[in-house]
Asker: 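Next up is a structure, given as C-alpha cells.
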Amino acid sequence: MKEKNLTVIEHIDEIRKRLMVIVVFFVIAVIGSFFIAKPIIRFLQSEAGYEEFHAFNVIDPIALYLKVIILLAVVIISPIIMYQVWAFIAPGLHETERKVTLSYIPFAFMLLIAGIMFSYFVLVPYVMYFMKELSAELGITQTVGINEYFTFLFQILIPFGIVFQLPIVLLFMSRLGILDPKKLVKVRKYAYFVLFVIAAFITPPDLMSHLLVTVPLFILYEISIVISRFGYRKFQKAEEKRKFEEIKAEQQRQIDEVMGNLEK
C-alpha cells in the first residue's frame, strides 16, 4: 500500500477537487435532465390515477420542474459521487481493499434504483388506494395539487433508495474491519425497532401498508448481516496475509543485515 501522509490543508484541497468534479458532472446531468424531466412528469401524472392536478401557487409548475430535474441529476451522478468518496478514502486502504471496495459502486447504484422501484411499484399504489378509499368513506373530494403530489412521491421514493444501501454500507464497513457482524446480531432488536419506526413514518396508519414496508426492511437487515459476515471473513484473511508478509519482510531484513555484517 502506498501511504499518503497529507496535511490538513492538503486534505481540504483534496476535498475541494473532489467536490469540483461532482459539481461539473452535476451541471452536465442537470442539462441532460432538462430533456427527460417533462416526459417523466407526464408519465408519473398519468400513472397517479387522478383525472387532473392543480397548481395552488403561481410558481408550482416551475418549482416541480426544477425539483424533478435536480432529483434526476443526483440519481444519474450518484455513481460519480460514490466514486469520489471512494477515491478520497482509497489512499488509506490496502491494494486489495481498494480493488474490492471499488467493485461495490455498481451494486450500490443498482440497490438505489431497486429501492426507488420497490417503493414506486409496491408501496405507492397501495398508499394511493388507501387514501382514495379513506376519502370516499369520509365523503371527502380530493383536490390534488401537482406540487404536493410529487412532494409526496419524493418523500417515499428517496428514503427507500437510501435505506436499500444498507447491505452495501455494512459490507463496506465489514470489509475494512470497522464493523464486526456479531455486533449487528447483538443489536438486532434495536435495529428492528428503528426500522419499525421508519416504516411507521412513511406509511399510512394501517396494518397492511405497515407490513408492506416493515417486512422488506427486516429482510434487508438480515441479508446485510449475512453479507457483512462474508466481508468480515475476507478482512480477517487479508489481515492474516498482511501480517505474514510483514513478518516475512522483517525476517528477510534481519537476514540481509546479518549477511552484510559478515561480509564486512
Side-chain angles (χ1 to χ4, degrees), residues 15 74-75 78-79 81-94 96-124 126-127 154-243:
I15 293 173
V74 171
V75 171
S78 57
I81 297 173
M82 296 174 192
Y83 175 80
Q84 293 304 317
V85 173
W86 173 87
F88 179 72
I89 65 175
L93 305 178
H94 296 283
T96 304
E97 293 172 339
R98 285 200 291 269
K99 292 180 180 179
V100 172
T101 52
L102 178 62
S103 66
Y104 295 165
I105 294 177
F107 295 103
F109 179 68
M110 286 189 287
L111 283 173
L112 174 67
I113 301 301
I116 293 173
M117 299 293 282
F118 170 82
S119 59
Y120 182 74
F121 289 106
V122 177
L123 181 59
V124 170
Y126 186 83
V127 173
F154 297 157
Q155 288 174 344
I156 294 181
L157 301 184
I158 296 174
F160 264 86
I162 295 173
V163 169
F164 266 59
Q165 299 298 304
L166 185 63
I168 288 295
V169 172
L170 296 184
L171 175 60
F172 181 80
M173 295 175 67
S174 300
R175 186 62 181 83
L176 298 181
I178 300 173
L179 179 66
D180 188 338
K182 293 179 181 178
K183 293 181 180 179
L184 295 177
V185 176
K186 289 181 180 179
V187 301
R188 178 187 275 125
K189 59 182 179 181
Y190 303 107
Y192 276 13
F193 176 75
V194 172
L195 294 175
F196 184 85
V197 172
I198 292 174
F201 271 109
I202 59 179
T203 56
D206 73 291
L207 180 62
M208 189 60 191
S209 59
H210 201 194
L211 290 176
L212 279 173
V213 176
T214 305
V215 173
L217 291 182
F218 286 175
I219 294 173
L220 196 65
Y221 186 79
E222 293 300 325
I223 292 174
S224 300
I225 292 176
V226 175
I227 292 175
S228 63
R229 284 173 179 165
F230 173 78
Y232 195 71
R233 284 197 295 268
K234 289 287 186 179
F235 164 75
Q236 290 176 320
K237 290 180 181 179
E239 280 296 293
E240 291 174 1
K241 183 179 179 181
R242 182 181 63 82
K243 290 178 180 178

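Values reported hereafter were calculated over all heavy atoms of this structure, with side chains retained and with hydrogens, waters and symmetry mates removed.
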Asker: Going by heavy atoms in the side chains, are Ile225 and Arg188 under 4.5 Å from each other?
Answerer: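 Ile225 vs Arg188: side chains touch.
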
Asker: Measure the spacing between CZ of Phe172 and OG of Ser228 and express it to the nearest 0.5 Å.
Answerer: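 Taking CZ in Phe172 and OG in Ser228, the distance rounds to 14.5 Å.
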
Asker: Using the ring pair (Phe, Tyr, Trp, His ring centres under 6.0 Å) criterion, which residues pair with Tyr104? Sequence neighbours excluded.
Answerer: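 Expected list: none.
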
Asker: Measure the shortest side-chain to side-chain distance between Leu195 and Thr214 over non-hydrogen atoms and say whether it is less than 4.5 angstrom.
Answerer: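 Sidechains of Thr214 and Leu195: no contact.
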
Asker: I'd like to know whether CZ of Phe88 has more than 12 heavy-atom contacts from other residues, nucleotides or ligands below 6.0 angstrom.
Answerer: yes

Asker: Quick one: list whatever passes side-chain hydrogen bond (donor to acceptor under 3.5 Å, both in side chains) with Tyr192, sequence neighbours left out.
Answerer: Glu222

Asker: Give every residue pair that meets the salt bridge (Lys or Arg N to Asp or Glu O under 4.0 Å) criterion with at least one member in residues 177-187, sequence neighbours excluded.
Answerer: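 Of all non-adjacent pairs touching residues 177-187, none passes salt bridge (Lys or Arg N to Asp or Glu O under 4.0 Å).
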
Asker: Return the set of residues passing ring pair (Phe, Tyr, Trp, His ring centres under 6.0 Å) with Phe154 (not counting sequence neighbours), or none when no residue passes.
Answerer: none

Asker: Within the structure provided, determine whether Tyr232 and Ile227 are in side-chain contact (heavy-atom separation under 4.5 Å).
Answerer: no

Asker: Should we count OH of Tyr83 as having more than 12 external heavy atoms under 6.0 Å?
Answerer: no

Asker: Might you confirm whether atom CE of Met110 has over 12 heavy atoms from other residues, nucleotides or ligands at distances under 6.0 Å?
Answerer: yes

Asker: So Leu220 and Pro167, do their side chains get closer than 4.5 Å, heavy atoms only?
Answerer: yes

Asker: Provide the full list of salt bridge (Lys or Arg N to Asp or Glu O under 4.0 Å) pairs with a residue in residues 103-120, sequence neighbours left out, each pair given once.
Answerer: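 Those involving residues 103-120 do not exist here.
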
Asker: Would you mind reporting whether Ser119 and Leu157 have side-chain heavy atoms less than 4.5 Å apart?
Answerer: yes

Asker: According to salt bridge (Lys or Arg N to Asp or Glu O under 4.0 Å), does anything in residues 110-120 pair up with another residue at least two apart or in another chain? List the pairs.
Answerer: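 Output for this query is empty, none listed.
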
Asker: Applying side-chain hydrogen bond (donor to acceptor under 3.5 Å, both in side chains), can you list everything that pairs with Gln84, at least two apart in sequence or on another chain?
Answerer: Arg18

Asker: In chain order, what residues pass the side chain to side chain contact (heavy atoms under 4.5 Å, CB included) check against Val74, with sequence neighbours excluded?
Answerer: Phe26, Ile70

Asker: Grab the two heavy atoms, one from Pro216 and one from Phe118, that are nearest each other, plus how far apart they are.
Answerer: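 Result for this residue pair: CG-CZ, 3.6 Å.
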
Asker: Taking the side chain as every heavy atom from C-beta outward, state whether Leu112 and Phe164 have any atom pair closer than 4.5 Å.
Answerer: no

Asker: When rounded to the nearest 0.5 angstrom, what distance separates CZ in Phe160 from OH in Tyr120?
Answerer: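 Taking CZ in Phe160 and OH in Tyr120, the distance rounds to 15.5 Å.
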
Asker: Restricting to side chain to side chain contact (heavy atoms under 4.5 Å, CB included), what partner residues turn up for Pro79, sequence neighbours left out?
Answerer: Ile105, Phe109

Asker: Can you find a pair of side-chain heavy atoms, one from Leu170 and one from Gln165, that are under 4.5 Å apart?
Answerer: no

Asker: Identify, with sequence neighbours excluded, every residue that meets side chain to side chain contact (heavy atoms under 4.5 Å, CB included) alongside Val226.
Answerer: none

Asker: Does any pair with a residue in residues 82-91 pass salt bridge (Lys or Arg N to Asp or Glu O under 4.0 Å), and if so which ones, sequence neighbours excluded?
Answerer: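 Qualifying pairs: none.
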
Asker: Could you check whether any side-chain heavy atom of Leu166 comes within less than 4.5 Å of a side-chain heavy atom of Leu111, counting everything from C-beta outward?
Answerer: no

Asker: To the closest 0.5 Å, what do you measure between CG (Leu179) and OG (Ser224)?
Answerer: 10.5 Å

Asker: Using atom types as modelled and distance alone, determine if a side-chain donor or acceptor of Ser78 lies under 3.5 Å from a backbone N or O of Val75.
Answerer: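 Answer holds: yes.
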
Asker: For Arg233, which residues count as a side-chain hydrogen bond (donor to acceptor under 3.5 Å, both in side chains) partner, sequence neighbours excluded?
Answerer: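 Not a single residue meets the side-chain hydrogen bond (donor to acceptor under 3.5 Å, both in side chains) criterion with Arg233.
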
